[in-house]
Amino acid sequence: MTTAPEAPATYRLIDGKQTAEDIKVEIAAEVAQRKAAGQKTPHLAAILVGHDGGSETYVRNKVLACERVGFDSTLLRYEDDITEAELLAKVEELNQDADIDGFIVQLPLPKHISSEKVIETIRPEKDVDGFHPMNIGRMVAGLPALLPATPSGIVELLRRYGLVTDGKHCVVIGRSNIVGTPVSILLAKNLEPGNCTVTLCHSRTRNLAEITRTADILVAALGRPGFVTADMVRPGAVVIDVGTTRVEDATKKAGWALKGDVNFEEVAPKASYITPVPGGVGPMTIAMLLLNTLRAAKGEVYPR
Ligand code: GUN
């Protein structure tokens with residue numbers, strides 16, 4: 001007896017790596033124009049505390065990306081034992097430094113330092129992560145703001161792939177300040193892309209799979225590798241995987257591989273569009289950080 005071959009998967013990959021490259025080329029062209037016109041070179045600074053492997057990689061990639069687009073960049077490194085007062089003083093120095101257009105403090109920070117306090121100390125005009133309550137508040141109110149990079153990267157992917165969001169049901173899993181909460185706000189706005197009906201799910205949500213199965217757009221941002229399985233996804237859904245957990249993988253040189261929150265092998269054949277991990281949302285975060293730095297340098301959100 002022969003069995004019919006399985007229908008070929010018809011999903012399309014959302015290529016965040018290529019899209020981020022396109023955005024970087026656009027930024028580099030604008031920076032070259034600015035330089036030719038005698039305007040200031042945008043300058044991004046990053047503060048990295050300690051030696052967390054993931055944070056080291058992210059910050060290194062952010063600095064490399066600055067070089068790629070012609071920005072100046074400064075990396076300030078401190079050991080785990082820096083005091084909160086010392087770190088706040090460094091933040092204040094960057095606030096006052098006229099050459100620095102924007103800066104980030106890579107999270108997470110050691111337990112003895114309040115990330116809330118650090119974020120609140122950053123001048124909103126230089127908060128290119130979009131984490132300061134002023135930028136969050138302005139985003140919620142629909143005012144011009146420096147928007148958090150990962151959520152705006154997701155919106156930018158939907159825009160550049162021409163995916164219709166108007167009137168669609170978007171289900172977000174995860175309510176973090178960095179991704180879940182802001183992306184749920186942005187996608188509900190009367191914007192294009194936007195105008196979604198949004199359901200924000202989290203660890204206390206009951207009947208999660210019942211809800212996710214009603215999603216036209218499913219955003220997984222909970223940080224649990226392979227959490228979203230095929231039975232949780234409606235056929236034809238757009239699936240955005242924000243997860244980037246390092247899991248042991250003996251076949252890799254580094255001994256680990258990046259795993260998304262979505263079980264790609266079983267979910268992809270059900271999806272219409274899906275982001276891979278790596279190469280999906282991750283590279284977009286850096287591209288949008290660069291875009292925020294350019295906007296800060298231009299005084300686009302907070303006129304100088
Ligand atoms: N840690 C994980 N993601 C981010 C980010 O986008 N910005 C900063 N500063 N820290 C992070």
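We count ligands from 1, going down the list as the structure has it; atoms in each ligand are counted the same way.
Using a 4.0 Å cut-off between heavy atoms, K62 contacts ligand 1 through its side chain alone, with no backbone atom that close. At a heavy-atom cutoff of 4.0 Å, ligand 1 is contacted by no atom of L289, backbone or side chain.
L107 N, 3.0 Å is the protein heavy atom nearest to atom 10 (N) of ligand 1. For atom 4 (C) of ligand 1, the closest non-hydrogen atom on the protein side is Q106 NE2, 4.0 Å.
Of the listed residues (L48, V59, D129), the one carrying the non-hydrogen atom nearest atom 6 (O) of ligand 1 is D129. In this structure, of I178, T244, I104, the residue bringing a heavy atom nearest to atom 3 (N) of ligand 1 is I178.
Side-chain contact of K62 with Q106: a donor-acceptor pair under 3.5 Å is present, judged by distance alone.
The distance criterion of under 3.5 Å between nitrogen or oxygen atoms is not met by P108 with respect to ligand 1.
With respect to R123 and E93, no salt bridge is recorded, no charged nitrogen being found less than 4.0 Å from a carboxylate O.
Checking I119, I122, D127, L143 one by one against N135, the side chain to side chain contact (heavy atoms under 4.5 Å, CB included) holds for a single residue, D127.
Legend: residues meeting side chain to side chain donor-acceptor pair (under 3.5 Å) with S73, ordered by chain and number and at least two apart, are absent. Legend: residues meeting side chain to side chain contact (heavy atoms under 4.5 Å, CB included) with E210, ordered by chain and number and at least two apart, are N207, R213.
With hydrogens and angles disregarded, a donor-acceptor distance shorter than 3.5 Å links the side chain of H169 to the backbone of T214. Put simply, the side chain of K270 gets close to the backbone of V233: a donor and an acceptor are under 3.5 Å apart.
Ligand 1 does not have Y58 within reach: every non-hydrogen atom of the residue lies 4.0 Å or more from it. Residue T150 places every heavy atom at 4.0 Å or more from ligand 1.
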